[in-house]
Amino acid sequence: PDMGTAGRLGLSGGAAVLLAGAGYLVHEDADPALSRLRWFLWLISSAAGALFAGVLAAQGLGADAPTTIVLTVAAMVAVQNSVFWAGEHRPAQQALAMAASVVTVGALVDQFAGSVAIGMAVWVAGVLLLTFGLLHRTTFPPLTTGIGAMSVIVGTAMAAEALGGGGYLMMVLTALGLLTLATVPLDIGGPADRVVLTVIGTFGALQSLPVTIGHFAQQAGVVTGLVVWAVGGALVFAASRRVVRSPITIEVVGGIALVGGAAITGVQSPAFATLFGFATAVGLIVLGTMPGRVLLSLFGSVGLLVNVPWAILYYFPGEGRVPLLILVSGAVIVL
């Protein structure tokens with residue numbers, strides 16, 4: 001705390017330069033362990049460089065806004081690691097260069113605009129990285145794909161805070177877009193890219209779907225449920241036509257959406273939800289009798305076990321409904 005600005009800059013900047021030079025002196029071609037040593041030295045050099053940039057912005061230039069300091073630090077990390085990376089197979093430096101570049105874009109826009117513009121800028125940067133990764137324009141493409149995919153999810157999440165319903169919908173569509181890229185048999189990317197897209201797309205969907213459905217269901221429960229139900233029907237149809245890479249997985253998701261969409265309509269109209277859910281469950285069981293579609297009968301059975309007791313509770317109020325509820329539920333299980 002008692003060290004002056006010049007001393008802090010000299011200590012952090014000197015450490016960054018010395019560690020960068022030490023990394024260059026390591027002959028990474030001699031042994032894989034030496035490659036990892038070079039990556040590690042440059043990683044610590046980046047940390048020292050980031051500290052140098054933070055001290056320079058906050059104390060040397062007198063920056064007060066945290067976003068200005070973030071911009072300076074992120075730009076330093078991006079430039080430094082871009083030089084270290086130099087298009088070689090250096091995953092640590094590649095990840096830092098790309099992630100810091102996205103942060104730089106967001107922090108730069110933050111100097112002039114609000115959260116919506118920041119989110120959209122991060123989203124655009126993520127789309128560019130995602131494109132480069134899927135087209136294998138960089139070293140270690142799955143890493144580029146992953147950083148791009150995470151950036152588009154984060155970008156839409158930032159914009160959604162200010163946009164509300166429209167932002168939530170965009171976040172859902174972005175997550176579903178990643179899952180579509182992972183499942184549709186397009187001639188882009190590789191198996192590792194599809195795994196990355198599936199993991200990040202699933203994460204984005206789990207983060208965005210409950211919030212989005214809850215937001216729209218408050219005022220339009222029936223319409224929201226019908227939209228979810230229609231998406232589930234489309235997924236089940238796509239799985240049946242074998243136009244996706246993992247039809248069983250898509251069929252499972254579609255079955256959940258069909259049963260869940262019917263249940264969501266109950267937020268606005270329990271009377272409609274119970275009957276619609278019952279019809280959906282029966283339809284799934286009928287489809288499940290076809291060869292190779294047994295999973296649909298499973299979701300249909302779950303739908304019956306949910307909607308039949310729900311219908312009895314709704315249409316037959318009073319104490320006398322309990323024996324009826326037990327009787328009908330048992331019959332449904334037997335069937």
Side-chain angles (χ1 to χ4, degrees), residues 153 156 165-166 168-186 194 197-311 332:
I153 294 295
T156 53
Y168 295 145
L169 188 59
M170 181 180 178
M171 189 175 179
V172 169
L173 293 176
T174 298
L176 295 180
L178 295 178
L179 292 173
T180 300
L181 289 173
T183 55
V184 175
L186 298 175
R194 289 190 287 273
L197 289 174
T198 300
V199 172
I200 298 178
T202 302
F203 170 79
L206 292 175
Q207 295 297 313
S208 58
L209 279 172
V211 177
T212 305
I213 292 173
H215 176 82
F216 287 103
Q218 292 178 358
Q219 302 297 328
V222 173
V223 175
T224 304
L226 289 176
V227 170
V228 175
W229 186 91
V231 171
L235 292 175
V236 170
F237 178 76
S240 67
R241 305 294 295 179
R242 304 289 175 175
V243 295
V244 291
R245 295 182 184 274
S246 303
I248 294 179
T249 303
I250 300 302
E251 190 170 78
V252 169
V253 175
I256 294 174
L258 284 170
V259 176
I264 291 170
T265 61
V267 175
Q268 183 177 356
S269 176
F272 174 79
T274 53
L275 298 178
F276 185 56
F278 179 79
T280 299
V282 172
L284 288 172
I285 289 178
V286 171
L287 290 175
T289 61
M290 301 172 61
R293 310 300 299 279
V294 68
L295 280 175
L296 295 180
S297 65
L298 171 64
F299 290 109
S301 300
V302 172
L304 284 180
L305 289 175
V306 171
N307 288 283
V308 170
W310 189 9
V332 169

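Bear in mind that the values here come from a model prediction, so they are computed numbers and not experimental data.
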Which heavy atom in [X] sits nearest to a heavy atom in [Y], and how many Å separate them?
| X | Y | result |
| --- | --- | --- |
| Gly303 | Ala281 | C-CB, 3.7 Å |
| Val259 | Phe299 | CG2-O, 3.6 Å |
| Ala205 | Ala175 | N-CB, 3.5 Å |
| Val236 | Gly255 | CG2-N, 3.9 Å |
| Arg194 | Ala182 | CD-O, 3.3 Å |
| Ala239 | Pro247 | CB-O, 3.3 Å |

Discussion item. A quick test of your reading: do over 12 heavy atoms of other residues, nucleotides or ligands sit less than 6.0 Å from CG of Leu173?
Written reply: yes

Discussion item. Counting C-beta onward and ignoring hydrogens, is there a side-chain heavy-atom pair between Val243 and Pro185 closer than 4.5 Å?
Written reply: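 The answer is no; the side chains never approach within 4.5 Å.
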
Item to complete: Kindly indicate whether the side chain of Val267, heavy atoms from C-beta on, has any atom under 4.5 Å from the side chain of Gln218.
Response: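 A side-chain contact is absent here, since even the closest heavy-atom pair is not under 4.5 Å.
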
To the nearest 0.5 Å, what is the distance between [atom1] on [X] and [atom2] on [Y]?
| X | Y | atom1 | atom2 | answer |
| --- | --- | --- | --- | --- |
| Thr198 | Leu181 | OG1 | CG | 10.0 Å |
| Leu258 | Leu284 | CG | CG | 5.5 Å |
| Leu179 | Ser246 | CG | OG | 11.0 Å |
| Leu295 | Leu287 | CG | CG | 12.5 Å |
| Ile250 | Arg245 | CD1 | CZ | 11.5 Å |

Worksheet item: Within the distance-only criterion (no hydrogens, no angle test), does the side chain of Ser269 pair as donor or acceptor with the backbone N or O of Phe272 below 3.5 angstrom?
Response: yes

Worksheet item: Ignoring hydrogens and geometry, is there a side-chain-to-backbone donor-acceptor pair from Ser240 to Phe237 under 3.5 Å?
Response: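 At least one qualifying donor-acceptor pair exists.
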
Item to complete: Kindly determine whether Leu209 and Val172 satisfy side-chain contact (heavy atoms from CB on, under 4.5 Å), including the steps that lead there.
Response: CA-CA 6 Å; Leu209 279 172; Val172 169; 3.7 Å; yes

Worksheet item: Going by the side-chain hydrogen bond (donor to acceptor under 3.5 Å, both in side chains) test, which pairs reach into residues 270-296, not counting sequence neighbours?
Response: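 Listed once each, the pairs are Trp229-Thr280, Glu251-Arg293.
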
Practice prompt. Step by step, work out the side-chain contact (heavy atoms from CB on, under 4.5 Å) result for Val282 and Leu304.
Written response: CA-CA 8 Å; Val282 172; Leu304 284 180; 4.3 Å; yes

Fill in: Candidate pair Leu226 and Phe276, rule side-chain contact (heavy atoms from CB on, under 4.5 Å), full reasoning
CA-CA 10 Å; Leu226 289 176; Phe276 185 56; 3.8 Å; yes

